[in-house]
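I have placed the structure first, in the form of structure tokens, so that the comments after it can refer back to it.
Here is how names work: the chains are called A, B, and so on, in the same order as the sequence lines, proteins then strands, and each is numbered from 1.
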Amino acid sequence: MGEYIGDNSRSRSSDESGTYDEWIPSFCARFGHEYFCQVPTDFIEDDFNMTGLAQEVAHYRKALDLVLDLEAMSEEEEAEKEQPVSRSIVEHAAEQLYGLVHARFILTKPGLQAMAEKFDHKEFGTCPRYYCGGMQMLPCGVSDSVGKNSVRLYCPSCHDLYLPQSSRHLSLEGAYWGTSFPGVFLKHFKELEEYVDRKAKDTYQLRVFGFRVNDEAASGARMRWLRQYPISEEDQREWQQCEFHIPPLQRGA
Amino acid sequence: MGDINMTESHDGALEGSGSSEYVEFWIDLFLGRKGHEYFCDIDMDYITDRFNLINLQKSVNKFTQVIQYIVDELDDSVLEQMPTSRLEQLESDARKLYGLIHARFIITVKGLQKMLQKYRNADFGRCPRVYCKFQPLLPVGLHDSPGIDCVKLYCPCCEDLYIPKSSRHNSIDGAFFGTSFPGMFLQAFPEMVPTHPVKRYVPKIFGFELHKQAQLARWQELQRLKLENKLTTKGVDLAGNGGYTRGSSREDSLDGEMSR
């Protein structure tokens, strides 16, 4: 992987020397971009898939050319006509464009397949929660528009959101994975949900010298519900009542 | 990894005792080592008080010598005569014994105070769970006997256990902190118990919640409401420490904190 980074920076500084790197693979190979998968160029070339992105990304045309490695021709034309846009601005726009296309691509069948491969290789990291037993996590955005939130990781086992462990992933834009990705992933790969259902549901209880801390103490268990699952028949009945809304509490319940 | 550390420490210890200008204490060397950030320093008086060491005698060979080594009262001449293998054994025994005494020390009044300082500095790391908003963690073991499992981190906010982020903390024995530490700590400093966030995540597709997960979340929320109901009828104040946090704009404030 280190080699890729080296290659990447070299091609950047010496563009004209003839060494030619494709933009998408080099973007995905960059340090900290391990969560991205490669979007095939024909997906990007299809205008239907790009609907609405022209309004969201500045310098859309130039950014698109850069992503698709069409820059060489257009750059010459552009130099003659308008005043050139700074390269770093176009580069930034290209990253944004790629990120937003990426969020759309990973909801398609080939995209889900590509992400599943990364998921299997634990490339998004594993759940830091001890009782999840190293469950792989899925990247997830909290908002679908750029600039709101960084990426979060969803654990299918404890249904919770975590921050990436490594600081290099903390600054990744959440919208590049989108809010729907974990949901679509779970629905597409049913066996994952089945696997999670079969898993042991251990929880932790605070103890002092083997004795449980009383519920009424300030440090008593107040978050047990978060990891609780309906087990007894009574629970199951209650759970069925929760199908569309939370039933009102009975007095003294 | 353990071996490399060990030889390193030897060099350090020998240098320390060899140079006449200043002598570094074994405990300071131990605490300064990478990965030992979770440990606090134990008072000399505590280590040398035999009462505190009851039942630890059998945990290592040549117990008295190891104690002397920890508190730097072992004669240099004795150390110099020791073969390297014995010296290595002594070093690893000292680490183990220090850890076991540490587990006892941190649940005393003085030890709790020292750990409070470390907790305030977030020396044990922060909770990776998004809704816990960087809550500092507390170390805990799952067993009180050494050699079974490594240290875990307890989050007082979501009341769950986490694996240390860095692998160098993953090799620390959980028994060096003990099973009772977070419980004792929060009993001793109830004002350190944070409020618990109610907000949680349900996966959505284009804004619509997944039914199965949403149903479970609703049922879990019902369990919470029942608990809240029970506690309020018993007269427990849920507005202060150990209560529940309300408000829905947590995500925004979280990112504000991150960019700072």
Against chain B, label [X] side chain, backbone, both or neither, depending on which of its atoms sit under 4.5 Å from a heavy atom there.
| X | result |
| --- | --- |
| A:Pro156 | neither |
| A:Asp144 | neither |
| A:Asp160 | side chain |
| A:Cys140 | side chain |
| A:Val184 | both |
| A:Asp197 | side chain |
| A:Leu107 | side chain |

Could you go step by step and tell me if B:Leu222 and A:Leu249 meet the side chain to side chain contact (heavy atoms under 4.5 Å, CB included) rule? CA-CA 8 Å; B:Leu222 179 70; A:Leu249 275 186; 3.9 Å; yes
Closest heavy-atom pair and its distance - [X], [Y]:
| X | Y | value |
| --- | --- | --- |
| A:Arg227 | B:Asp160 | NE-OD2, 2.6 Å |
| A:Glu243 | B:Arg218 | O-NH2, 2.5 Å |
| A:Tyr204 | B:Thr179 | OH-O, 4.3 Å |
| A:Ser180 | B:Phe206 | OG-N, 2.8 Å |
| A:Trp225 | B:Val198 | CH2-O, 3.7 Å |
| B:His196 | A:Arg222 | CD2-CB, 3.4 Å |

Note, [X] side chain near [Y] side chain (heavy atom, < 4.5 Å):
| X | Y | result |
| --- | --- | --- |
| A:Leu163 | B:Arg126 | no |
| A:Thr179 | B:Lys204 | no |
| B:Lys230 | A:Asp215 | yes |

If we define contacts as heavy-atom pairs under 4.5 Å, which of [options] has the most with chain A?
| options | answer |
| --- | --- |
| B:Trp219, B:Tyr154, B:Phe181 | B:Trp219 |
| B:Ile107, B:Leu225, B:Asn241, B:Asp144 | B:Leu225 |
| B:Tyr201, B:Phe208, B:Phe185 | B:Tyr201 |
| B:His211, B:Gln187, B:Glu221, B:Met184 | B:His211 |
| B:Glu209, B:Glu228, B:Arg200 | B:Arg200 |

Full working for side chain to side chain contact (heavy atoms under 4.5 Å, CB included) between B:Lys226 and A:Glu238: CA-CA 12 Å; B:Lys226 274 161 76 177; A:Glu238 244 176 22; 2.6 Å; yes
Once you round to the nearest 0.5 Å, how far does [atom1] of [X] lie from [atom2] of [Y]?
| X | Y | atom1 | atom2 | answer |
| --- | --- | --- | --- | --- |
| B:Lys165 | A:Ser166 | NZ | OG | 8.0 Å |
| B:Leu161 | A:Cys132 | CG | SG | 11.0 Å |
| B:Ile205 | A:Lys187 | CD1 | NZ | 7.0 Å |
| A:Ile246 | B:Gln223 | CD1 | CD | 10.5 Å |
| A:Cys127 | B:Tyr162 | SG | OH | 7.0 Å |
| B:Arg129 | A:Leu226 | CZ | CG | 5.0 Å |

Does atom OH of A:Tyr229 have more than 12 heavy-atom neighbours, drawn from other residues, nucleotides or ligands, at distances under 6.0 Å? yes
Are there more than 12 heavy atoms of other residues, nucleotides or ligands under 6.0 Å from atom CZ of A:Arg212?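 Counting other residues, nucleotides and ligands, CZ of A:Arg212 stays at 12 neighbours or fewer.
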Counting heavy-atom pairs closer than 4.5 Å to chain B, which one of A:Ala221, A:Pro182, A:Ala217 comes out on top?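 Top option by heavy-atom pairs under 4.5 Å: A:Ala221.
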At a heavy-atom distance under 4.5 Å, which candidate from A:Phe181, A:Phe211, A:Phe244 has the highest pair count against chain B? A:Phe244
Might you work through the side chain to side chain contact (heavy atoms under 4.5 Å, CB included) test for B:Val202 and A:His159, ending with a clear yes or no? CA-CA 7 Å; B:Val202 176; A:His159 313 294; over 6 Å; no
Heavy-atom distance under 4.5 Å to chain A: side chain of B:Gln213, backbone, both or neither? side chain
Atom group of B:Leu153 that falls short of 4.5 Å from chain A, counting heavy atoms: neither
For A:Trp239, is there any backbone N or O sitting under 3.5 Å from a side-chain donor or acceptor partner on B:Gln215?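 Yes; judged by distance alone, with no hydrogens or angles, the pair exists.
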Given the options B:Pro182, B:Pro156, B:Ser180, A:Leu206 meets side chain to side chain contact (heavy atoms under 4.5 Å, CB included) only with B:Pro182
